[in-house]
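Comments concern the structure below.
Side-chain atoms are counted along with the backbone in the values below, which use heavy atoms only and exclude waters and symmetry mates. Just so it is clear, the model here is predicted, and its values are computed rather than measured.
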Amino acid sequence: MAAEQDPEARAAARALLTDLYQATMALGYWRAGRAQEQAEFELFFRGCPFGGAFALAAGLRDCVRFLRAFRLQDADVQFLASMLPSDTDPAFFEHLRALDCSDVTVRALPEGSLAFPGVCGPLLVVQLLETPLLCLVSYASLIATNAARLRLIAGPKKRLLEMGLRRAQGPDGGLTASTYSYLGGFDGSSNVLAGQLRGVPLAGTLAHSFITSFLGTEVPPNPMLAPAASQGPMVDLAACVEAWLDRVCAHLGLGVQEPHRGERAAFVAYALAFPRAFQGLLDTYSVQRSGLPNFLAVALALGELGYRAVGVRLDSGDLLQQAQEIRRVFRSISAQFQMPWLESVSITVSNNIDEEELTRLAQEGSEVNVIGIGTNVVTCPRQPSLGCVYKLVSVGGQPRMKLTEDPEKQTLPGSKAAFRLLGADGSPLLDLLQLAEEAPPQAGQELRVWPRGAQGACTVRPAHVEPLLRLWVQQGQLCEPLPSLAESRAFAQLSLSRLSPEHKRLEQPAQYRVALSDKLQALVARLRAGGSS
């Protein structure tokens, strides 16, 4: 099976991004004559992350691309041969060279669904897929869920930007975090590669280093700027800024020498490069006595030429309080100099923002418009792993179940279907797992189900029924086009909008119910009683 020839495909995991025991088990299956036995695995998580009651399914697109590109190259096989016993039959390595995923089938939730994907095919192949698929799904789903929580806190009006590449766990982690934070509800990222490969909207301005690199003695090679409408003579922007600085300082009660010359020179240089997208980073020196008046002088000079400054950023101090004071000054200057657009200039904040600080910044009356989050979205410090698992549920059409002393680690046997049962208002009642051979539940039909964690059965009558698992890959062939990242992002927001408020609570939420059908519950009981399949 050939890999898709596009830039995004080059970001797929390599075939040997796996654990050694997958290769040792592959040899064991092959020696036992079981390499081609049909088997089914399920990839799932045992508990929702961050103490919440929901998770977003993510990583499907990466998994499908990995499967379509999966081949062991000669160098891969030679390396495995060096790791396995020296007397291993060479025919096994020829078998590995011929492996692809042309007999693999994948059923899964669409990306952005509130989260049970299943993978079936030849036993040896689907065993080899365990580690890479877990790697591709676990972190992506964790990031998407973390981003969704942050979006719920911020509300729909605040813009959220992911800017955590420098804090990410390596380049692959950085690309994954930028991609799936966008799917989870962020508005964009600073990660240029995520923009190139995944189509994530990009945002970025300037750092403190740009500002501190200027002393104020620098002379721009060309300080002249034409009016925005390209009519009229060019203007010396630096000289115009100095004239406006006198007026701004007089209004604010500052001495004209107080704003830092180097900072002002940096702002002028940036404005000359980006007159239609000028932004100022205000806290390199003093926000009130330097950054803000310098920004206003440049913004007003640009405004005189028909340009509109687009924003300011704060990266230290009490962000909420400073934003309120800056907005007050914007309104005052706007009225004083008849520049009405200045009132609504965007205020962006950043600086190690976590859920608690985000709650504060998103409160009623906050003047913050854009919030940049890095470490606390890409590293998920509250829970750095989702804990996905990949378990065998069927071999040769016969159910398999892991029986262990730890009830939480027991698995659900058999090939299954999954349905979301909805109430009359469209809100979810519970998710139902049943054996694939069973007839699908019907709207209006009373069902006896066995909620997980409950002592017994209950009845439910859904007004609507939605199948959850879709067939994405059958016998190695893509069954339908994969949604774009933007489409999956929109679907994630739709999924969350249908979830009840008690399930969306970030602290002590009501647990979402998952139930088993009568027939699946009976199979579980039979296998538990028998101790094996």
Side-chain angles (χ1 to χ4, degrees), residues 157 159 161 187-188 190 192 195 201-207 210-211 213-254 256-282 284 287 290-314 323 326-348 367 369-370:
K157 295 182 180 179
R159 293 190 70 230
L161 298 179
D187 295 286
S190 65
V192 177
L202 296 180
T205 54
L206 67 163
F210 182 85
I211 295 171
S213 73
F214 286 82
L215 295 175
T217 57
E218 298 83 3
V219 178
N222 181 10
M224 307 303 289
L225 184 64
S230 299
Q231 296 177 352
M234 297 186 74
V235 173
D236 184 329
L237 182 64
C240 188
V241 166
E242 293 300 320
W244 272 106
L245 183 67
D246 288 340
R247 301 171 70 184
V248 168
C249 287
H251 182 75
L252 297 179
L254 297 173
V256 75
Q257 298 302 318
E258 291 187 69
H260 197 282
R261 292 175 58 201
E263 181 180 57
R264 190 161 61 257
F267 285 175
V268 169
Y270 199 81
L272 287 169
F274 299 98
R276 300 182 188 278
F278 172 61
Q279 301 188 58
L281 177 59
L282 302 189
T284 304
V287 173
S290 183
L292 184 55
N294 276 332
F295 168 80
L296 288 168
V298 176
L300 292 167
L302 288 172
E304 196 173 27
L305 294 172
Y307 299 99
R308 301 289 182 264
V310 298
V312 297
R313 181 163 74 93
L314 297 166
I326 289 167
R327 184 69 69 200
R328 185 192 66 78
V329 172
F330 281 173
R331 290 178 179 133
S332 173
I333 293 289
S334 171
Q336 175 70 21
F337 299 114
Q338 298 299 298
M339 296 278 192
W341 53 268
L342 187 58
E343 286 191 34
S344 57
V345 165
S346 180
I347 299 176
T348 298
E367 296 292 352
N369 305 108
V370 185

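In this structure, F330 CZ and I347 CD1 are separated by 5.5 Å, a value rounded to the nearest 0.5 Å. Atom CG of L237 is separated from atom CZ of F267 by 13.0 Å, given to the nearest 0.5 angstrom. With rounding to the nearest 0.5 Å, the separation of OG in S332 from CD in E343 is 10.0 Å. To the nearest 0.5 angstrom, L300 atom CG is 12.0 Å from Q338 atom CD. Taking CD1 from I211 and CG from L206, the interatomic distance works out to 5.0 Å, rounded to the nearest 0.5 Å. Here the straight-line distance linking atom CD1 of I333 with atom CZ of R247 works out to 10.0 Å at 0.5 Å rounding.
Heavy-atom minimum distance, W341 versus A299: CH2-O, 3.6 Å. Contact between N294 and P259 at its shortest, heavy atoms only, is OD1-CB, 3.3 Å. Closest heavy-atom contact between L254 and P293: CD1-CG, 3.8 Å. Residues V298 and A271 approach most closely at CG1-CB, 3.7 Å, considering heavy atoms. Closest non-hydrogen pair, L281 versus A207, comes out as CD2-C, 3.6 Å. When all heavy atoms of E218 and A265 are compared, the closest pair comes out as OE1-CB, 4.2 Å.
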Practice item. Dump the intermediate steps for side-chain hydrogen bond (donor to acceptor under 3.5 Å, both in side chains) on S290 and E263, then the final yes or no. Key: CA-CA 8 Å; S290 183; E263 181 180 57; 2.5 Å; yes

Check your understanding: Would V345 and F295 count as a side-chain contact (heavy atoms from CB on, under 4.5 Å) if you check the C-alpha gap in whole Å, the side-chain angles of each, and the deciding distance to 0.1 Å?
Key -> CA-CA 11 Å; V345 165; F295 168 80; 4.2 Å; yes

Exercise for review: Test side-chain contact (heavy atoms from CB on, under 4.5 Å) on L272 and N222 and set out the steps.
Suggested key: CA-CA 9 Å; L272 287 169; N222 181 10; over 6 Å; no

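Partner of N369 under the side chain to side chain donor-acceptor pair (under 3.5 Å) criterion, chosen from R159, K157, R327: R327.
Using a 4.5 Å cut-off on side-chain heavy atoms (C-beta onward), T205 and Y270 make contact.
Looking only at distances, a side-chain donor or acceptor of S334 sits under 3.5 Å from a matching main-chain atom of M339.
Under a 4.0 Å N-O distance rule, the pair E242/R264 qualifies as a salt bridge.
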